[in-house]
Structure formats: structure tokens, C-alpha cells
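Before any comments, here is the structure.
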Amino acid sequence: MSSISEILQKIRSKSPLVHNITNYVVMNNTANALLAVGASPVMAHAKEEVEDIVAISSSLVINMGTLSDKWVESMLMAAAQAKATNTPFVFDPVGVGASAYRMEVAQKIIETAIPNVIRGNASEIMALAKLTNSTKGVDSTIDTQDAIEGASLLAKQLNNTVVISGAIDYIITADTISKIENGSPLMAKITGMGCTATAMVGACLGVEENTHLAAVTAMVIMGVAGDMANEKSAGPGSFQMNFYDSLYELSPEVLAVKVKTNA
Amino acid sequence: MSSISEILQKIRSKSPLVHNITNYVVMNNTANALLAVGASPVMAHAKEEVEDIVAISSSLVINMGTLSDKWVESMLMAAAQAKATNTPFVFDPVGVGASAYRMEVAQKIIETAIPNVIRGNASEIMALAKLTNSTKGVDSTIDTQDAIEGASLLAKQLNNTVVISGAIDYIITADTISKIENGSPLMAKITGMGCTATAMVGACLGVEENTHLAAVTAMVIMGVAGDMANEKSAGPGSFQMNFYDSLYELSPEVLAVKVKTNA
Amino acid sequence: MSSISEILQKIRSKSPLVHNITNYVVMNNTANALLAVGASPVMAHAKEEVEDIVAISSSLVINMGTLSDKWVESMLMAAAQAKATNTPFVFDPVGVGASAYRMEVAQKIIETAIPNVIRGNASEIMALAKLTNSTKGVDSTIDTQDAIEGASLLAKQLNNTVVISGAIDYIITADTISKIENGSPLMAKITGMGCTATAMVGACLGVEENTHLAAVTAMVIMGVAGDMANEKSAGPGSFQMNFYDSLYELSPEVLAVKVKTNA
């Protein structure tokens, strides 16, 4: 696990600038999680500046949790700029099966620039793999296990890394399936933990070229910080607070000891 | 109080999908409160998708805390769709007397679809009842008692349920006035507790057809969770955290014991 | 220090209405901080109502953390209305220097109405003083000390008060430099602490005509509450919670005892 620990150390020492075009609900959470782990967040969505911001950033995070036409326009510009500047790009297709609009936007984004990593819950990844069209809001309604096949197809088709997060997290490429079994059930009782995981992938992509390893590391950081917070928390409110504290105090050594993965 | 407890149990077992078109300030709070109590929040405001999202949701929450023209357009579309699909609808006229624009928007929304429940503070309900035009921001400046008459007139005119929240909460229909005396003074020292109460009405409307009972239950849940959080908190920061924990741990039995109401 | 304590007392007794046109990331934080200290926040950004809201407010806060064209239009309308109505106005040029667009918007705002106070970090103030063009996202990358000269030039040019916040806060006018040495390193590990400081300047401007004294008081309130929170916190999550509790419990007496300033 030395490489996972090394990536955490690099985030702390390099403080990569992570450009987030994300949803209104979680902006504060994801900025705080990025700061707590040692990265440097910037949120910017105006078409007048997204290209400039992508150009100075270490990675780009696009999350379509709360969409509207102007934001979609900027997301597409930012994705194109990430491709042009070879900036690592992670995409979170929040609620993608919940409306025709979300399906259309997700497709446009992927057509503009293939994300290095896509992270979603089981139903979002299934929807993206066009294996299903039903999503219950932004929460997952199908068995994670069922989505692995869809994710593998998607990863082969796009030649990238696909993450399915849930009680067990799966990090999937064309020919590998990594499992991470850290984390707390309370993570499903707080909004934006999935979005935070995506932002964490952005932080790791900002310092690590191997996208599979970056995605594994992000999910390990989330899971181990979740384990640590879980021990101290009475419910979702205290969990949220302890999660930031855990991200902040998380040492590369603790990460290496606590990780439960086959990666 | 068995019916109030039963509604909480139904939220936990059915996890109703609550569609929120709400303000930027409180999106995170209300999503977390809905998750903590057992409901499933979705935030979506694009005109391209609000009709789709209303159609799959158990209830609709419209909150006009931070307005702009595109959002108003979507609010009206969502309200019309709620009417067309018979989806229960709760409206929060945040700051309605603070500007001519807010008054105009509130009127348009109510003309498009009469909300099953309207929840506001005393000055907002008064403004809506056209009995007053002065509002100090989004906080209440007039005596709650004075607003009860306005709320009764409004409830008669619209044939719906009107909630005035404050130190004492009033749930008012054409011919009934219910009072709830739970809650903490710290709730006025945190942004979005009123908005959270409105979202909680949405959760209850998602599982209970009797709108008066749904509104009473929502305010009881808020008040009892507020009581529980108050006992553990040193100020508004710790109160906010403990409030989510309390919503999460709140049992139907505790609810039945702790409620202070004439309903 | 009696005047600083008196300003805090006035905030508590008068509860000034502070109109914020601010960014999506920090709206919740700044509203909560204003409530905790005793002020009354209102967030409104629609061009249809910003003039009405400025007219009833005690002060105006413009923060350009997350820009877009419609918001800029409203910011300019609000700034013009603040000038017309003699409403005190504080400006936070978040990330100015990170894109050409932000530089352009900052200049337009200042040309529309000279802010009574400008608050930024060292690199933002430097960018504004046109002494530098490099900004790393919204965090500061140059030495605070280096920015003091730029701030002094800016304050002379605009005949206003310029605040550089950082480990040490500097409150600078054409002929004075005040230093405040309170605060916690954890404040840099939470998003929006700078934005909260700007909102706090808004609260103080709402009750105090002397803009230099208002700005000093705001930074003292932030710093002392930061000191108090620091003693109780294990990391940024618990710090954020304790910070609100500290703002709430902060007494004028404690403020006078704990302040570390040359002002």
C-alpha cells in the first residue's frame, strides 16, 4: 500500500488546485473535504472564465447534481479545455437516470471529453451503461453487484476507470476490478458523500498519473476517514464533523494500516 | 399521538422522494435533514427536467429564498406539474414582504397551484395574507399571535393548511388551530431552520394524505428534535450538528412522549 | 478597546440587516456566522429586487467567489444603489487574479461604487493593486508582508479601508496600518473563513460609521472567536462548529481581554 500512502503525502506537499464545477448542494462540503485532506479547491462556472481556470488547475471535477442550461454550456467548455490541455478529468453523473435531460447532458459531456474517471452509485453507473433507465433521485436503488458488469462494459468502451461507490466500493477498468471495504453506513445519511468522493478522485488525479491508482486511493481515503469518523459519531451530524477532522488528521501510516482492499 | 408516530415510521419505511426547488443557502441543510429523518431528497431546478422529476416524486417543496427569473419559471412549471399529477405541494414564501418582486412571485405560484401547505414565519404569513407589507429580511418582526388571524383567512381563502412557525408553531386550517410548543431558541440562530421545517412538511406529505396531520407531524418532528438537540448544545454550531443526530435517532416512541401539542 | 466592545454590543442590540450577494460555496456559513454574532442576514441577487433589498438594509456585502453574467449585473445594480442610498458597502474580490474575467468584474464593481472596505488575502489585494497577476485559486500564494504596500496604495487611491487577512490581519487606510494577531491556523483549512470575515465587516459597518474601526472590530471578532474555537477543536470540522458557538457566546468583555492588536 506504499503507493496509496505516497499519493496522500503528495496531496499534502503539492496541494493540487482542483477545479470543481459542481452542484449547489455540496459545494461547501467538497471544498471543505479538499481543504481538510490538503488540496486546494476552486469553484468557478462562468463561461467567461472556465477555460482560464482549467488551464491553471491540476485537475477538473464535473458534477451534474443541479443542472441548468448555462452551467451545462460551461461544463462542456471546461471538459473541452481539459482535453486540450491534458488536464485529468473526473465526472460525477449525479441522478443520471432520473430525467431525460440528465441522460442527454451526461452523454454530451462524455462525447466532449472522455473522463479519466467516472464515479457514481450503482444505479447511475447502470444508467450510464444504458443498461437501465430507472433512478430513484440521487440515491442508488439497484444492487451494487449488478452494476459491476455495466461498469466493466463502460470502462472497456471508454478505456477509462469507473468507480461504483456504495457499502463496498468498486474501482473498475477494462481488465481489473478492485474492491474497497472501508466506510460507514452513516455516509449514506449525509448529502454529498458521493460528490465528495468524486472531488477526492480529483485531488488524487492532480498528483498521480495512473488513473486507476488515483481512483483507488481516493476511495481508500474516503473509506478510512469514514471508519475513523464512525467510531466517534452518534449520527449523521456528528459524523459529518468528525469526517473532516479525520481527513485532516489522516496520516499515510494510518491509511496503510486501516485499508481493506484487494487492490 | 399514534398517528404522528405512524407517519414518522412511514417516512422511515417508504423513504419518500421529496423534490426540492429551494434556495442556495439551505440546500445542504434541508437535504441532510431529509436524509437524517429517513426521506430521500432530490434537488432539481432546470426547466428541462422539473416536470420529469415532479412526476417521479412523492411531494414537491418550493422555497423562494433566493429567487431569479429562470428559477421562477421552473417553480411555476413544477407547481403546474404537481397540480396535474396530484403531487402534494408545500410552499415556503421566504421573505415575501421584503420586495415587490417576492410578493409578485408568491402570488404567481399560488395562482398556478394552490399549495397543500404554506409554511412561513409570522411576518411572511401576514404579508401573504396582504395584511402587511413590511418584512425585515427573512426573519420575523411581528408578533406571532397577530398573524394567526391572517393565517386563518388565508387557509379559508385557499382551503389549505397554513403553518406559522416560531417559538410556538401554529398549524391552521379553515376551522382548526393546532399549537406545538416544542423547540429551542437556538433554532432562530441558525439559517434555514424554517426552510428545513418546510422540507419536513414535504417528507410528511409524501406519506400522509391528510395535509393538516402531515403539517402537524412535521412541526412535531422539528420541535422534538430541537428539544433533544438543545439539551446537548453550547450554541448554534453544536445545535446544528446535534439536530441532525436527533432527527436520525428520533424514535416514534420518543416522539409520542415528548410532543407538546393540543393537536 | 471599549469601542470595539461597544460595536459588538450594538450588533447584538440592533441586529443590523446585512444584504449579501455572495458565492454559492459560503452562503450557508456566512448566514450562520451573521446570525451567531447577532446580525440579521439576507441573501438576494435577482436584478428585480436587489435595489429594494439594499434600500432596507444596514449594509451591503458583495463577494465574487462564484461569478456569472446575471450575478455580475445584479452586483453592479446593488453597488450603484448602495452609493445612491449611502449604504455602507464591503467588497470581497475572491480569486481576483485567477482569471481575466475576475479582474474585469472587480474593476467594474469598484468603478460603480468605491467600497468602504475591501477585504481579501494577500494575493487578491496585490492583484487588485495591479502589482501582480498570479493567484492560486482562492488561496493566497504571496507573503502577506509583501501585500501591505499594495494595500496602502489601494487605500490611498480609493480613500477607503483595505483589509488583508491571513495569519496576521492588517487593516490599512491611507495613513494607518493596524495589525491583529488573533486567530487559528485551522481557519485556512475551512472554506469561506475569508468570506465570513467580509460578512462580519458588513455587520460592523451596519452599526458603525467609522469604517476603519468597523473593519478592525470585524477582524477582532473573527480572530478572538477563532482563538476560542481553536482551544476546543481536533480539526477543521470541529473548529467550524466551535467557531459558531464561540461567535454566539462571545461577550464584549471577553473581546476586550483577548484581543491582540496595535489598533
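Atoms considered below: every heavy atom in the structure, side chains included; atoms not considered: hydrogens, waters and symmetry mates. Model, not experiment: these values are computed from the prediction. Lettering follows sequence order; numbering is per chain, from 1.
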Heavy atoms only: give me the nearest [X]-[Y] pair and the separation to one decimal.
{"X": "B/Ser99", "Y": "C/Glu49", "value": "OG-OE1, 2.7 Å"}
{"X": "C/Ala46", "Y": "B/Ser68", "value": "CB-CA, 4.1 Å"}
{"X": "B/Ile190", "Y": "C/Leu35", "value": "C-CD1, 3.4 Å"}
{"X": "B/Ala98", "Y": "C/Ile56", "value": "O-CD1, 3.9 Å"}

[atom1] of [X] to [atom2] of [Y]: how many Å apart, nearest 0.5 Å?
{"X": "B/Tyr101", "Y": "C/Glu51", "atom1": "OH", "atom2": "CD", "value": "14.0 Å"}
{"X": "B/Thr66", "Y": "C/Met27", "atom1": "OG1", "atom2": "CE", "value": "6.0 Å"}
{"X": "B/Met241", "Y": "C/Gln240", "atom1": "CE", "atom2": "CD", "value": "13.0 Å"}
{"X": "B/Leu186", "Y": "C/Tyr248", "atom1": "CG", "atom2": "OH", "value": "4.5 Å"}
{"X": "B/Asp69", "Y": "C/Lys70", "atom1": "CG", "atom2": "NZ", "value": "4.0 Å"}

Partner set under side-chain hydrogen bond (donor to acceptor under 3.5 Å, both in side chains) for B/Thr198, not counting sequence neighbours = B/Asp92, B/Arg119

Identify which of [options] forms the greatest number of heavy-atom pairs closer than 4.5 Å to chain B.
{"options": "C/Val26, C/Asp52, C/Val18", "result": "C/Asp52"}
{"options": "C/Ile53, C/Leu34, C/Asn32", "result": "C/Asn32"}
{"options": "C/Asp245, C/Leu247, C/Thr30, C/Thr22", "result": "C/Asp245"}

request  = For B/Lys108, enumerate each residue passing the salt bridge (Lys or Arg N to Asp or Glu O under 4.0 Å) test, keeping only those at least two apart in sequence or located in another chain.
outcome  = B/Glu104

inquiry  = Using side-chain hydrogen bond (donor to acceptor under 3.5 Å, both in side chains), reason through B/Asn29 and C/Asn28 one step at a time and then give a plain yes or no.
reply    = CA-CA 9 Å; B/Asn29 295 10; C/Asn28 190 268; 3.1 Å; yes

key: Pairwise side-chain contact, B/Tyr24 with C/His45, heavy-atom cut-off 4.5 Å (strictly under)   = yes

key: Listed once per pair and sorted, the salt bridge (charged side-chain N to carboxylate O under 4.0 Å, His left out) pairs that draw on residues 16-29 of chain C, sequence neighbours left out   = none

query = Counting only heavy atoms not in B/Lys83, do more than 12 sit closer than 6.0 Å to its NZ atom?
reply = no

inquiry  = What residues of residues 223-233 of chain B make heavy-atom contacts with chain C at a cutoff under 4.5 angstrom?
reply    = none

